[in-house]
Amino acid sequence: MPDVNLTSLGLEFGGGAGIGAVIGFAAKKVAKLIAVIVGLELALFKFLESRGILTVDWDRLTAGMLDLTSAANASTPPSWVNTILSTLSVSAGFTGGFLLGFRKG
């Protein structure tokens, strides 16, 4: 059985949780800002299109978003088992902290 240092394990977990909480809080704020900007942009496009100032190809705009989604789903992760096992203590704390920060943000 390998020798486990509980102090360093606790510091890694706590540090990961703290950093995750800060990043999760910031990520939610940034996501809200981006959603507002995109919504305003689409509303502006629709308004300018209704006035005849601009012509928007909505089908082409939507097709570009679908291509990005399919490209993201097609990629395969590298050796994820080794990556997860080597960073389990930090990533578990980071994930918990991120979710807490995202929820509070």
Partner of I34 under side-chain contact (heavy atoms from CB on, under 4.5 Å), picked from I37, V36, V30, is V30
Item to complete: Indicate, with yes or no, if L42 and L33 share a hydrophobic cluster defined by side-chain heavy-atom contacts under 4.5 Å among Ile, Leu, Val, Met, Phe, Trp and Tyr.
Response: no
Between the CZ atom in F47 and the CG atom in L54, the distance rounded to the nearest 0.5 Å is 11.5 Å
task = Measure the shortest side-chain to side-chain distance between L48 and L44 over non-hydrogen atoms and say whether it is less than 4.5 angstrom.
result = yes
